[in-house]
Amino acid sequence: MRHLYLHVPFCQRRCSYCDFSIAVRKHVPAREYVDAVLKELHLMLESSPGWLKPGSMPRGSSNAVQSSRAQVSESEGGLETLYLGGGTPSLLPPDALATLLTSLYDVFRVPSSHDVVEVTLEANPEDVTPDVAAAWRRAGVNRVSLGAQSFDDGVLKWMHRSHDATRIGDAVRALRAAGFDNISLDLIFALPAELERDWARDLDLACSLHPAHLSLYGLTVEERTPLARWISRGAAAPPDDDRYAEEYLHAHMRLAACGYDFYEVSNAARDGNRSRHNSAYWSGAAYLGLGPAAHSFDGRARRWNLTGWESYRRTIAAGQPVVEAEEVLTEEQRALERLYLALRTDAGLARSACPPDRLTAWLGEGWAEVEGERVVCRPEGWLRLDALVRDLTGTPGAV
Ligand code: SF4
């Protein structure tokens, strides 16, 4: 187990499109959160010795960790990536974050040169100040994923985001000054036409900040979100597939001109700065998730935690396991997942796994290309990824 995910569920408000498992809080119960997560780890180490071997007592200020008797054995290899996602992890005060990371480094025997491990923190631009950025860096964070979303203040307001466009550049500069050179920006595309969002301008402004990495997400309408309500009463236009395709393909062209390689359907990096954590997910590696709503995978089974912060907190306080359910994947599910994972990245699919008639059709349509012995999706193929998988598995549904 070399990949660890921590879900930090707190946000100061709910964005108009978001249905994630979050807890809206003006004041983040940071100490309680840190103790709960470390206690979850302690309980997991006790109950699942197959994941990690017993060892010496880790240091740490948390009672939960001080009482732990388990630690990763060096013979099992070390942690490679640690990802704090949310929610809004940047709402954790720097001292709470440092306590949490120090305890985790101790349990997982992370070397004193933390940069051996990719440590990513998801952050909202308004939380980044020079002092906070320096504190994150001191705590061992070496990659920051900024929820920029757009450089248009009207769009950011519509999204219920707390920052304005100027805060994005300020945040990037503060992070660089603190020593971060691995910065990723998230942008959302395919917004309703009535917003008159200038996608090309947003891409240009993002590139002008020279982030090492960009993640682009098409807007989706999730039930029980403000966006879904706006659409149902006609106050916002429903999703437009043509706009989605047009903006997605434009992003490929524009970012390639700026030196970025799309290495996954939604992710582009320059100078090889791929997300090692997300790449592990896409390679089918095992990972451990801690915190409410976190998922784990051991290569055979997937399990997930209670989603609500309050139920998670109460269950941990009672010393009970917080796993809500577990699903053991069938061989058929694993094969389907392998197909998806292969096609969604630039690793592609083994040529031998693609029947010759399908390959000919895909090449003819410009959906894929052959690189050596691999079949790799082109952007036009990534736009219809589900349909390509159905095409290979013989499930009904037009490509
Ligand atoms: S900040 Fe992120 S997690 Fe929080 S409500 Fe907005 S989109 Fe959702």
Side-chain angles (χ1 to χ4, degrees), residues 5-30 33 37 83-93 96-97 120-129 132 136 141 143-165 167-168 170-172 175 183-192 195 197 202 206 211 213-231 236 239 266-267 275 277-278 289-295 304-310 312-313:
Y5 173 82
L6 266 72
H7 187 76
V8 186
F10 309 109
C11 291
Q12 286 194 317
R13 60 168 96 169
R14 186 175 281 279
C15 298
S16 59
Y17 51 85
C18 178
D19 75 337
F20 291 173
S21 169
I22 62 164
V24 176
R25 294 285 185 281
K26 266 203 167 16
H27 302 290
V28 172
Y33 171 78
V37 164
Y83 193 104
L84 293 112
T88 314
S90 55
L91 286 178
L92 285 178
L97 179 70
T120 302
L121 180 85
E122 285 184 356
N124 280 347
E126 67 272 21
D127 297 331
V128 184
T129 65
V132 163
W136 290 345
V141 178
R143 183 172 185 273
V144 173
S145 175
L146 269 184
Q149 316 311 357
S150 174
F151 290 82
D152 179 322
D153 285 342
V155 165
L156 291 169
K157 204 167 164 202
W158 177 87
M159 290 177 170
H160 293 172
R161 303 292 302 191
S162 305
H163 65 277
D164 60 20
R167 290 304 295 262
I168 303 169
D170 291 348
V172 169
L175 289 166
I183 300 169
S184 181
L185 297 184
D186 283 1
L187 295 175
I188 298 183
F189 66 97
L191 301 179
L195 291 174
R197 189 268 193 93
D202 270 3
H213 188 278
L214 283 156
S215 297
L216 310 182
Y217 301 106
L219 184 72
T220 53
V221 182
E222 307 298 343
E223 286 178 26
R224 292 187 293 279
T225 58
L227 176 59
R229 288 194 291 279
W230 297 342
I231 291 174
S266 303
N267 288 280
S275 163
H277 186 83
N278 289 334
L290 299 174
H295 284 55
W304 52 95
N305 284 352
L306 296 167
T307 53
W309 159 244
E310 285 301 331
Y312 172 87
R313 179 186 68 76

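As the structure lists them, so they are numbered: ligands from 1, and atoms in each ligand from 1.
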Quick check on contacts: which atoms of ligand 1 are under 4.0 angstrom from a heavy atom of Arg161? 1 (S), 6 (Fe), 7 (S)
Taking N, O or S atoms only and a limit of 2.8 Å, check whether Cys18 reaches atom 4 (Fe) of ligand 1. no
Can you say whether the rings of Tyr33 and Trp309 are parallel (under 30°), tilted (30 to 60°) or perpendicular (over 60°)? tilted
Under 4.0 Å to a heavy atom of Asn124 - the qualifying atoms of ligand 1, by number: 1 (S)
If you define the side chain from C-beta out and look only at heavy atoms, does anything of Tyr5 sit under 4.5 Å from His277? yes
Could you go step by step and tell me if Tyr83 and Glu122 meet the side-chain hydrogen bond (donor to acceptor under 3.5 Å, both in side chains) rule? CA-CA 8 Å; Tyr83 193 104; Glu122 285 184 356; 2.9 Å; yes
Of all protein heavy atoms, the one nearest atom 6 (Fe) of ligand 1 is Cys15 SG, 2.3 Å
Parallel, tilted or perpendicular: which one describes the rings of Trp230 and His160, with boundaries at 30° and 60°? perpendicular
I need the atoms of ligand 1 closer than 4.0 Å to a non-hydrogen atom of Ile22, numbered in the order shown. 3 (S), 5 (S)
Output the list of atoms in ligand 1 that are nearer than 4.0 Å to some heavy atom of Tyr17, sorted by atom number. 7 (S)
Considering only heavy atoms of Arg13, which atoms of ligand 1 have at least one such atom less than 4.0 Å away? 5 (S)
Atom OG1 in Thr220, atom CG in Asp19: separation rounded to 0.5 Å? 7.5 Å
For ligand 1, which atoms, with element, lie under 4.0 Å from some heavy atom of Phe20? 3 (S)
If you have a sec, work out which protein heavy atom is nearest atom 4 (Fe) of ligand 1 and how many Å separate them, to one decimal? Cys11 SG, 2.3 Å
Test item: side-chain donor near acceptor, Arg167 and Asn124, under 3.5 Å: no
Any salt bridge between Asp202 and Arg197, counting N to O under 4.0 Å? yes
Closest non-hydrogen protein atom to atom 3 (S) of ligand 1, residue and atom name please, with distance? Gly87 N, 3.3 Å
